[in-house]
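Below, chain A is the first sequence line, B the second, and so on; all start at residue 1.
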Amino acid sequence: MNSHYYSTRTHDVAEAGNETAANELASLVEVRQDDRRSLPSDPKPIMECEGVDVFYDDFRAVTDVSLGFGYNEITALIGPSGCGKSTLLRSLNRMNDLILGARVEGAVTFHGQSIYAKDVDPIEVRRRIGMVFQKPNPFPKSIYDNVAYGPRVTGAKVSDMDDLVEEALTRSALWDEVKDKLKQSALGLSGGQQQRLCIARTIAIRPEVILMDEPCSALDPIATSRIEDLMVELVKDYSIIIVTHNMQQAARVADRTAFFTALADEGTGDRTGLLVEYDLTAKIFSTPADERTENYISGRFG
Amino acid sequence: MASIGSIATAPLRASREGDKNAKSIVFLGVLWFTVLFSVLSLAVLLVTSFLDGSTRLDANLFTRYSSIVLPELAGARAAILGSALVIVLTAVMAIPLGVAAAVYLEEFADSRRWYNKLIEVNLTNLAAVPAIVYGMLTAGVALSIGLPRRVVLTGAIALALLILPVIIITTREAMRAVPQEIRQGSLALGATPLQTVWRQTLPAAVPGIATGSILALSRALGEAAPLLLLGGLVFVSYDPNGLFSGYTVLPIQIYNWAKEPQLAFQQVASAAIILMLALLLLMNAVAIVIRNRYQKRW
């Protein structure tokens, strides 16, 4: 009795705030879009998913996803927990291979080549499509060695490793903070610095696409805003695909946004993720075509 | 539901006896007794060994060979050198093999395959197999491949087999303690699985591997049974000088002296026990220091 009363009340409060929340998001989008050239309504894709299903053994985590990720664009994947957005992201550079029983059906293409074709080397895929993880995961090595790790293991011909390290750290807006302590352990950096180091490390192997799996979820707002600025800077040279739980973040940085939701199987209760709507961020946050998107964005569910 | 204003704050003062009743005190007493019992028995062993052997803790113990006619001057030189040689050889064989096996099982084996499951189960059981069984196994194998039984190499093989499961298990635990994020970070930068093992997982696991290996080797150092079964020599009056040399080791030497009736042999046996305990203590201390100093906290 009591609890019912309580939940109804919170719902009312949420309802009242909906309009303002939605307006705020829309204004964020405008700010971001102002400094960008106008984007075509369909992306010129560097990567594409065509009818992608991701399974863990018999469990279908993601079903029938088709979308293209644009060149030098930031694409955000948003949606409630368990909607398969991280799973989809991990299948874009074959990090899913590392999970026992994980398998991808349908086509994932990079420059039109299937990354799951038999003769494709997953190592090569990961060298071209880098990844930044949710929790900063610097290696227990020096800052310098963290950045130099990728070029070293890939055997890239580097004429001057010092230059490359400096460039990668500069591009990830970390150079000024660490230039005097390159030989110190990366574990001594703050969480935000560690995450920027992880981005620097990824840039150092010169990938074409950078996947980011909720890169700011472990960071405070200031560190988050620095990472967001960094993304906007990096997208001039890279294509970025980011999974985020934070809709403001998607609104602030993303050119396009894909909204996913989870459908529960009536028999088993297993939740399968599916793509609801994919469009320019400005459109998703102002005039979404699907009611589920609108409900999610305005905070009615999720 | 009570309104917030009317919630009475219960007093923090103890309202029950807590752990101060008779039953709890008896139980606590039993716990204390069990601790005391184990500590006391170790203390008795140390004290009696020290009282018996202190007179013989001299240079002779280290420099002279054993002697039948002059027990007062008998030393453990051959046994000390024999133990050192056998243990080094054991380490050289067991550690690389054990670590490699652990790397395969932990990083590459598909744990869902039946043969890998079989290996897992067997490995756990092998660690509990009595030492003498490894002696029998080695004796049998040595016989069938024409390896002499009573030489350093064969003894070291038996001890290596004995500690292999322990090394594999501790190495796997050390590798499992390395966070998955580190492996993923490495692989996402285009490193191969093998590069990831060499450059990330293994280096991070080294302290754990070292600790486990030292503890396993200290077990091998104190082991007599498999070597006795292999016919490890009880009386050696020369330095072991190679893989195919005859040898004795400290535990066998102690066993040999302790069964003699003369007091002088009992004393030198006690002195050798002190020496061995000191060695074991030293090895375990090194293991603990390595663990505490280099263990990574993620």
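Scanning both residues, A/T154 and B/G190, for their nearest heavy atoms gives CG2-O, 3.9 Å. Nearest heavy atoms, A/I123 versus B/T192: CD1-CA, 3.7 Å. Taking all atoms of both residues into account, the shortest heavy-atom contact from B/G185 to A/R201 is CA-NH2, 4.0 Å.
More than 12 heavy atoms of other residues, nucleotides or ligands shown are found within 6.0 angstrom of CG on B/N125. Enclosure of atom CE in B/M283 by more than 12 non-hydrogen atoms of other residues, nucleotides or ligands within 6.0 angstrom is indicated. Within a 6.0 Å radius of CZ in A/R206, other residues, nucleotides and ligands contribute 12 heavy atoms or fewer.
By number of non-hydrogen pairs under 4.5 angstrom with chain A, the leading residue of B/Q180, B/E181, B/R183, B/Q184 is B/Q184.
Looking at heavy atoms from C-beta onward, A/F139 lies in side-chain contact with B/L189 at the 4.5 angstrom threshold. With a 4.5 Å cut-off on side-chain heavy atoms, B/D110 and A/L100 count as touching. Proximity of A/P140 to B/Q200: side-chain heavy atoms (C-beta onward) are separated by under 4.5 Å at one or more points.
One finds a salt bridge joining B/R112 and A/D57 here, because a Lys/Arg side-chain nitrogen approaches an Asp/Glu carboxylate oxygen to under 4.0 Å.
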